[in-house]
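Basis for what follows: all heavy atoms, side chains included, without hydrogens, waters or symmetry-related copies.
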Amino acid sequence: MSTDKFVGMATRAESAAQTRQALLDAAVVLLDRGGPEAVTLRDVGAGAGVSRSAAYRHFVDKDALLKAVATDAWAAVAVGLDAITGDESLSPERALRTALGALSDLGHSRPHLYRLMFAQTTDEPASVAEAAGRAQDTFLELVGRLVGGERARPYAGVLMAAAHGVTDLDLTGHLPREKWHADRHQLIDLVVGMIPFPSEPPRG
């Protein structure tokens, strides 16, 4: 195969990747505006500046497109958690509170995307499960810094469930500050404060 053919193949691959990303970007815009019902391959193709047939070449149907959106969202969460984990200016407890607060902020600012992420089940395509699993593993690391690796999983599960529940209740209007005398961030901090962290971070 000539060098020109290699270059041509690489160019086509780059073009396909750019088109796929444009379709995903357009889908996210529609999702943020009106939820999953507002996302159609026709409108996504129009938003990306390509034909409907081009959209179908990348995603067999709307469901596949939404799963790809959820995968990218979980991957972005994982990157954000990596940044929090690597921020040496944050104490382990502050890093944990920051991570939970960021997850709640995502739900508050982009509720349709947030709900789509958590709508995926354990039998979803590997890409979704892997992206979510990576984010969860980093979260486990944050919790493990405070309670130790052996105790991290159940505590991390409680904290994740609490943050998700608080966020979901807030989105549906069931956490009015005037009733509970606290906003979602304060409630999440309260749950974190209930965890019996040792006075010194565990080693190993």
> Within a 6.0 Å radius of atom CZ on Arg42, are there more than 12 heavy atoms belonging to other residues, nucleotides or ligands?
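No, CZ of Arg42 has 12 or fewer neighbouring heavy atoms, counting only those of other groups under 6.0 Å.
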> According to the interplanar angle, ranging from 0 to 90°, do the rings of His164 and Tyr114 count as parallel (below 30°), tilted (30 to 60°) or perpendicular (above 60°)?
tilted
> If you measure from CZ on Phe139 to CD1 on Ile84, what distance do you get to the nearest 0.5 Å?
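The CZ atom of Phe139 sits 10.0 Å away from the CD1 atom of Ile84.
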> Can you name the nearest heavy-atom pair linking Leu23 to Gly45, along with the distance?
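For Leu23 versus Gly45, the nearest heavy atoms are CD2-CA, 4.0 Å.
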> Going through the checks in order, is the side chain to side chain contact (heavy atoms under 4.5 Å, CB included) test met by Thr85 and Glu141?
CA-CA 8 Å; Thr85 303; Glu141 181 182 342; 3.5 Å; yes
> Once you round to the nearest 0.5 Å, how far does CG of Leu159 lie from CE of Met194?
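Reported value, rounded in 0.5 Å steps: 11.0 Å.
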> Supply the atom-to-atom distance Lys62 NZ to Asp43 CG, rounded to the nearest 0.5 angstrom.
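So the NZ of Lys62 and the CG of Asp43 are separated by 10.0 Å.
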> Under the salt bridge (charged side-chain N to carboxylate O under 4.0 Å, His left out) criterion, do Lys67 and Asp72 qualify, and how do the steps go?
CA-CA 9 Å; Lys67 283 177 172 53; Asp72 279 6; over 6 Å; no
> Measure across Ala26 and Ala48 and return the closest heavy-atom pair with its distance rounded to 0.1 Å.
CB-N, 3.9 Å
> List the atom of Gly173, the atom of Pro176, and the distance in Å for their closest heavy-atom pair.
O-CD, 3.7 Å
> Using a 4.5 Å cut-off on heavy atoms from C-beta on, say whether the side chain of Gln186 contacts that of Asp189.
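The answer is no; the side chains never approach within 4.5 Å.
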> Between Val69 and Met117, is there a side-chain heavy-atom distance shorter than 4.5 Å?
no
> Run the numbers on Arg110 and Val28 for side chain to side chain contact (heavy atoms under 4.5 Å, CB included), then give the verdict.
CA-CA 10 Å; Arg110 306 182 70 183; Val28 168; 2.7 Å; yes
> Of the non-hydrogen atoms in Thr167 and His108, which two are nearest, and what is the gap between them?
CG2-N, 4.4 Å
> Linking I/L/V/M/F/W/Y whenever their side-chain heavy atoms sit closer than 4.5 Å, directly or via other members, would Val158 and Leu103 fall into one cluster?
no
> Can Arg184 and Asp105 be counted as an ion pair, charged N to O under 4.0 angstrom?
yes
> Using the rule that Ile, Leu, Val, Met, Phe, Trp and Tyr join whenever any side-chain heavy atoms are under 4.5 Å apart, tell me whether Val191 and Val166 fall into a single cluster.
yes
> Do Val44 and Tyr56 sit in one hydrophobic cluster, given that two such residues count as connected whenever their side-chain heavy atoms are within less than 4.5 Å of each other, even indirectly?
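Same hydrophobic cluster.
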> Checking Ile195 against Leu146 for the side chain to side chain contact (heavy atoms under 4.5 Å, CB included) test, could you report, in this order, the C-alpha distance in whole Å, the side-chain angles of both residues, the deciding distance, and whether it holds?
CA-CA 10 Å; Ile195 301 296; Leu146 286 166; over 6 Å; no
> Quick one: pull up CG in Leu142 and CG in Asp137 and give me the separation to the nearest 0.5 Å.
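Atom-to-atom, Leu142:CG and Asp137:CG are 11.5 Å apart.
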> So Leu100 and His185, do their side chains get closer than 4.5 Å, heavy atoms only?
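No; the side chains remain at least 4.5 Å from each other.
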> Can you tell me how far the CG atom of Asp25 sits from the CD atom of Gln18, to the nearest 0.5 Å?
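Those atoms lie 11.5 Å apart.
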> Would you say Val77 and Leu106 make side-chain contact, with heavy atoms under 4.5 Å?
yes
> Can Asp168 and His174 be counted as having a side-chain donor-acceptor contact under 3.5 angstrom?
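Result is no, nothing qualifies.
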> What heavy-atom pair brings Ala152 and Val143 nearest, and what distance separates the two atoms?
O-CG1, 3.8 Å
> Report the C-alpha separation of Leu65 and Leu24 in whole Å, then their side-chain angles, then the decisive distance to 0.1 Å, and conclude whether the side chain to side chain contact (heavy atoms under 4.5 Å, CB included) test is met.
CA-CA 7 Å; Leu65 173 60; Leu24 288 170; 3.9 Å; yes
> Can you confirm whether Arg134 sits close enough to Val79 that some side-chain heavy atom of one is under 4.5 Å from a side-chain heavy atom of the other?
yes
> First locate atom CE of Met160, then atom CG of Leu140, and finally report the distance between them rounded to the nearest 0.5 Å.
8.0 Å
> So which heavy atom on Ala73 is nearest to which on Leu113, and how close?
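That would be CB-CD1, 3.8 Å.
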> So do the side chains of Pro196 and Arg151 get within less than 4.5 Å of each other, counting heavy atoms only?
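Yes, close enough: below the 4.5 Å cut-off.
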